[in-house]
Amino acid sequence: MFRIVVLVVALLARSVPAACPLSKENPLGLRRVIIDLDAGGDDAWALTMLLMDEQKYNVCVQAITCTHGNTEVYHVAVNVARILEGLGRTDIPVYKGARERLITPAPHRDVSGYFWGLDGFGDVKFEKTPSLKSVKPDHAVVKMNELLQKFPHDITIISVGPLTNLALLFKLYPASKDLIANIYILGGNRNGVGNTDFAAEFNFFTDPEAANIVVNNAPVVLNIFPWETIQSLEEEFTTQWRFATFNSTPNRAIQVLNRVESVIYANASGWTPCDMYAVAVFLNPQLVTDSTHYKAEVELDGKVTRGMLAILYHVKDEDEFNVNIIDEVNEDMLREMVQDLNRAPPKNDVEPRARMYYVS
């Protein structure tokens with residue numbers, strides 16, 4: 001008996017989005033991705049860039065997993081569904097994951113502590129709720145494990161929310177973590193500068209134990225885009241520039257974000273689409289102009305430093321390095337990537353890319 005491998009190649013034009021091959025074979029070398037997010041507005045920008053640029057950077061989004069953070073996980077799923085509708089990509093499965101941090105109760109958080117509003121999208125009253133058909137019943141962590149088992153060493157995880165789902169994956173399915181190809185994280189800090197009430201960045205502060213588990217148990221060096229690097233981009237990417245660039249747009253997902261951010265940034269000068277930056281450096285590593293490997297730990301005991309990413313500068317043994325801190329990016333290249341999003345989403349009306357079919 002023999003097997004005939006039939007390769008059916010569909011259109012490769014930029015107008016067609018990528019799709020993840022159904023089989024393990026991946027002749028086109030597509031980079032499979034799971035994006036784990038807590039869908040405030042910056043997560044929505046990250047998702048928009050990732051899906052708009054699948055074809056250009058040879059990427060396919062395998063799944064979207066939702067975690068608590070900016071808002072409750074139900075609202076995260078709704079916000080993701082709204083962006084997928086705007087992009088015409090409701091074909092991508094969405095899975096709800098952790099509803100809360102590993103150790104509760106969380107610190108008290110009043111209304112002013114919700115930068116993106118209580119629902120993650122500025123509490124804007126949209127005309128209708130998006131279809132939730134893309135939101136599947138499986139738990140996010142269970143599905144992450146299944147996909148990693150099915151496509152070992154072929155999936156990059158991009159985490160742009162609290163790291164609870166990833167930490168649960170490490171603990172519930174320890175063998176699966178060794179099957180991850182790469183990990184990109186928006187979170188942590190470089191020099192003890194925080195964006196919470198204390199000296200910690202929001203994602204790490206929201207679940208310090210989860211961050212600690214991931215930082216100390218990841219099978220690969222973690223690519224971390226920290227808060228200080230985000231701050232360094234605020235002068236370049238102002239709210240004035242942002243609204244001038246996207247005030248008129250054919251992209252329905254960005255039209256949603258225009259409504260959200262007109263509320264959030266009404267009195268702000270600096271635009272901080274934080275999570276989008278982590279996606280950008282994943283898509284185009286040439287953006288990174290300065291990054292350094294270190295050994296790092298997550299502070300769990302400090303009164304004002306809990307959740308802070310502490311870099312151990314005295315550790316020189318490269319075998320102990322567990323983080324790659326991204327300090328600088330090429331602002332001109334990044335600006336071009338962002339501006340390029342101001343176009344209509346690729347159409348998803350044909351079978352994209354290539355899939356492998358087996359006849360025996």
Side-chain angles (χ1 to χ4, degrees), residues 14 18 29-31 33 35 37 41-61 156-160 181-191 193 195 201-203 220-247 249 251 253-254 257 261 265 268-294 296 309 311 321-343 345-346:
R14 182 177 179 178
L30 286 169
R31 295 189 289 165
V33 178
I35 182 167
L37 42 68
D42 56 336
D43 303 78
W45 278 107
L47 185 58
T48 298
M49 176 175 279
L50 190 59
L51 293 178
M52 290 287 291
D53 286 342
E54 276 186 311
Q55 173 76 22
K56 183 176 182 179
Y57 293 103
N58 208 36
V59 167
C60 63
V61 177
T156 291
I157 295 178
I158 304 176
S159 289
V160 292
N182 217 332
I183 299 174
Y184 283 77
I185 291 173
L186 189 289
N189 43 9
R190 173 73 155 94
N191 299 308
V193 179
N195 64 339
E201 178 275 333
F202 175 80
N203 288 339
V220 293
V221 173
L222 301 170
N223 297 290
I224 292 182
F225 204 105
W227 174 244
E228 290 90 341
T229 308
I230 296 165
Q231 284 188 308
S232 72
L233 295 170
E234 285 190 35
E235 289 188 9
E236 179 68 26
F237 296 96
T238 64
T239 54
Q240 181 179 6
W241 178 87
R242 176 257 183 268
F243 286 109
T245 302
F246 295 105
N247 182 55
T249 179
N251 191 314
I254 297 178
L257 286 167
E261 294 193 331
Y265 291 108
S269 59
W271 182 46
T272 51
C274 312
D275 299 342
M276 183 179 67
Y277 296 147
V279 165
V281 297
F282 159 72
L283 290 172
N284 185 5
Q286 292 183 345
L287 279 178
V288 179
T289 56
D290 186 17
S291 65
T292 308
H293 288 60
Y294 296 103
L309 183 67
I311 296 176
F321 292 170
N322 56 354
V323 298
N324 176 39
I325 302 294
I326 298 168
D327 285 319
E328 292 182 8
V329 296
N330 185 312
E331 294 179 0
D332 292 333
M333 291 175 63
L334 179 59
R335 189 188 313 106
E336 290 179 6
M337 286 185 70
V338 177
Q339 290 173 324
D340 187 53
L341 300 178
N342 197 12
R343 53 187 163 89

Checklist line | Distance (rounded to the nearest 0.5 Å) between Met49 CE and Asp340 CG | finding: 8.5 Å
Next item on the list: Inspect the surroundings of CD in Gln240 and state if more than 12 heavy atoms from other residues, nucleotides or ligands are less than 6.0 Å away.
Entry: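 Check fails, neighbour count at 12 or below.
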Under 30°, 30 to 60°, or over 60°: which ring-plane class applies to [X] and [Y], parallel, tilted or perpendicular?
X	Y	value
Phe282	Tyr184	perpendicular
Trp271	Trp45	perpendicular
His293	Phe321	tilted

Note to self: I want to check something: taking the side chain as every heavy atom from C-beta on, are Leu287 and Met337 in contact at a cut-off of under 4.5 Å?
What the structure shows: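 Leu287 vs Met337: side chains touch.
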Next item on the list: Specify the closest pair of heavy atoms between Ala278 and Leu186, including all atoms of both residues, with the distance to one decimal.
Entry: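 Shortest heavy-atom contact: CB-CB, 3.9 Å.
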Item checked: Residue pair Leu37, Asp275: steps toward the side chain to side chain contact (heavy atoms under 4.5 Å, CB included) verdict -> CA-CA 9 Å; Leu37 42 68; Asp275 299 342; 5.8 Å; no
Notebook entry, point to check: Among Leu309, Thr292, Asp290, which residue meets the side chain to side chain contact (heavy atoms under 4.5 Å, CB included) test with Ile325?
Noted result: Leu309
Next item on the list: Could you go through the side chain to side chain contact (heavy atoms under 4.5 Å, CB included) check for Leu257 and Phe246 one step at a time?
Entry: CA-CA 10 Å; Leu257 286 167; Phe246 295 105; over 6 Å; no
Margin query: Could you tell me if Asn342 and Thr249 have a donor-acceptor pair between their side chains, going purely by distance under 3.5 Å?
Written below: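 Short answer, yes.
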Item checked: CA sep, side-chain torsions, deciding dist, call: Val61, Glu54, side chain to side chain contact (heavy atoms under 4.5 Å, CB included) -> CA-CA 8 Å; Val61 177; Glu54 276 186 311; 3.5 Å; yes
Check: Can Asn195 and Ile230 be said to form a side chain to side chain contact (heavy atoms under 4.5 Å, CB included), step by step?
Finding: CA-CA 11 Å; Asn195 64 339; Ile230 296 165; over 6 Å; no
Check: For Ile326, does its backbone N or O pair with a side-chain atom of Thr229 as donor and acceptor, under 3.5 Å?
Finding: yes
